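See below for the structure under consideration.
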Protein chains: 2
Amino acid sequence: MNSYPTRWTKQMKVVLDIVYDGKSPITADQVYGLARKQMPRISLGTVYRNLNRLVVSGLISESKVGTVQCFYPHPYSNTHLECRVCGRLYSVPFDLSLHQVAKETGLTLDGYELRLKGVCKECASRCI
Amino acid sequence: MNSYPTRWTKQMKVVLDIVYDGKSPITADQVYGLARKQMPRISLGTVYRNLNRLVVSGLISESKVGTVQCFYPHPYSNTHLECRVCGRLYSVPFDLSLHQVAKETGLTLDGYELRLKGVCKECASRCI
DNA sequence: CATAAAGTAGTAATGATTACTATTATGAAT
DNA sequence: ATTCATAATAGTAATCATTACTACTTTATG
């Protein structure tokens with residue numbers, strides 16, 4: 001599916017630096033916008049290709065927020081509540097012990113995404 | 001975002017029955033295919049609209065598998081491993097106590113999706 | 001330097017989902 | 001039962017993130 005990087009190109013370095021410099025999750029399109037400032041002719045396909053290669057190699061991490069992929073400089077875990085009524089996504093302060101899960105399952109893990117499905121407090125209070 | 005059903009239509013009943021009768025998760029497109037056998041002129045948009053309304057009302061559940069939405073007759077929880085190298089999705093026999101999570105967070109929950117991020121055994125053994 | 005393979009730019013295609021619009025069906029009030 | 005406002009539908013077009021394709025360029029290596 002994803003290919004492993006074999007050559008270290010200028011475009012790959014630009015993409016990597018942008019993800020590393022970012023303080024918050026960034027989308028492929030945002031990386032594209034920033035990359036074009038340094039390298040105006042870089043193409044969106046190249047940005048996607050390099051982001052995916054960097055994920056494969058473990059240099060950056062990725063997770064889906066809503067419908068779009070977001071990229072992070074480091075392994076990343078999060079918990080969200082997805083309200084089935086309003087469809088909104090809420091960040092939830094809940095932590096899973098990745099170490100414990102890795103132990104129980106015998107898997108090598110970098111991070112997790114926990115999507116809780118239910119009804120948010122606002123929608124619940126409206127008695128819908 | 002999603003609208004709440006106010007009228008009980010034939011199309012809604014057809015969609016609901018198909019999801020209820022299914023033994024396994026079903027996509028909107030599959031529901032559309034089955035619905036057309038009973039109601040040849042039903043439109044895909046109507047299938048989507050009714051599926052979403054049924055989710056909002058809590059009569060059925062939904063979760064994303066890869067890039068597509070899947071629908072289930074009952075609240076549904078699952079754990080998957082997403083391999084960052086090959087991109088494949090593996091079902092993992094790990095259960096989270098939803099009751100415990102609900103207690104800790106104070107939320108009303110129907111189910112969860114836990115996406116573990118790491119490297120699958122096959123890719124790990126290839127030493128990539 | 002030569003050369004094969006990997007990467008890139010630019011553009012077109014994909015595919016699930018949503019939006020739009022004219023028409024039809026529904027349910028509450030008369 | 002008939003009327004009537006409005007919710008829902010069919011059919012089609014549009015979105016939009018992501019991937020695929022192709023001719024050209026760059027890279028690593030003998």
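Keep in mind that this is a model prediction, so the values were computed, not measured. Basis for what follows: all heavy atoms, side chains included, without hydrogens, waters or symmetry-related copies. Each chain gets a letter, A, B and so on, in the order its sequence line appears, and its residues count up from 1.
B:Ile42 comes within 4.0 angstrom of the backbone, heavy atoms only, and of no base.
Mapping A:Ser43 and B:Ala28 onto DNA chain C by nearest heavy atom places A:Ser43 closer to the 5' end of the strand. In terms of position along DNA chain D, the nucleotide closest to B:Asn50 lies nearer the 5' end than the nucleotide closest to the other residue of the pair B:Asn50 and A:Asp29.
At least one donor-acceptor pair under 3.5 Å links the side chain of B:Lys117 to the backbone N or O of A:Glu62. For the pair A:Tyr112 (side chain) and A:Leu96 (backbone), a donor-acceptor distance under 3.5 Å is present.
Within the 4.5 Å cutoff, side-chain heavy atoms of A:Arg88 are placed close to those of A:Glu122. Residues B:Arg53 and B:Leu59 are not in side-chain contact: their nearest non-hydrogen atoms beyond the backbone lie 4.5 Å or more apart. When side chains are defined from C-beta on, B:Ser63 counts as touching B:Asn78, because their heavy atoms get closer than 4.5 Å. Side-chain contact between A:Val47 and A:Asp29: absent, with no pair of heavy atoms (C-beta onward) separated by less than 4.5 Å. Annotation: side chain of B:Leu81 is in contact with side chain of A:Leu109 (closest heavy-atom distance under 4.5 Å).
Residue A:Arg49 has no polar side-chain atom (N or O) positioned under 4.0 Å from OP1 or OP2 of C:dA9. Taking 4.0 angstrom as the limit, A:Tyr48 places none of its side-chain polar atoms (N or O) nearer than this to OP1 or OP2 of D:dT19. Remark: B:Arg7 is not in phosphate contact with D:dA5, judged by side-chain N or O atoms under 4.0 Å from OP1 or OP2. Taking side-chain N and O atoms only, B:Asn52 has no distance below 4.0 Å to OP1 or OP2 of C:dT17. When the side-chain nitrogen and oxygen atoms of B:Thr9 are compared with OP1 and OP2 of C:dA25, none of them lie within a distance under 4.0 Å. Between B:Gln11 and D:dA10 there is a side-chain N or O to OP1 or OP2 distance below 4.0 Å. The side chain of B:Lys10 contributes no N or O atom lying less than 4.0 Å from OP1 or OP2 of D:dT9. Proximity of A:Gln69 to the phosphate of D:dA17: no side-chain N or O atom is located under 4.0 Å from OP1 or OP2.
At whole-Å resolution of the value, CG in A:Leu44 and C1' in D:dT18 are 8 Å apart. Put simply, CZ on A:Arg36 is 15 Å from C1' on C:dT8, counting in whole angstrom units. Straight-line distance from the NZ atom of B:Lys64 to the P atom of D:dA17: 13 Å, rounded to whole Å. The distance between atom CG of B:Leu51 and atom P of D:dT9, rounded to the nearest whole Å, is 11 Å. Rounded to whole angstrom, the span from the CD atom of A:Gln30 across to the C1' atom of D:dT18 amounts to 16 Å. Atom-to-atom, NZ of A:Lys13 to P of C:dT8 comes out at 15 Å; the value is rounded to the nearest Å. B:Tyr32 has its OH atom 14 Å from the P atom of D:dT9, to the nearest Å.
Of the listed nucleotides (C:dA5, D:dT18, D:dG11), D:dG11 has the atom at the smallest distance from the side chain of B:Arg41. When distances run from any side-chain atom of A:Arg53 to the nucleotides C:dG7, C:dT17, C:dA9, the shortest one goes to C:dG7.
Residues B:Tyr72 and B:Val19 fall into different hydrophobic clusters, defined by Ile, Leu, Val, Met, Phe, Trp and Tyr side chains chained together at heavy-atom separations under 4.5 Å.
For the helix from C:dC1-D:dG30 to C:dT30-D:dA1, the terminal axes (five pairs an end, C1' atoms, rotation from four pairs onto the next four) enclose an angle of 30°, given to 10 degrees.
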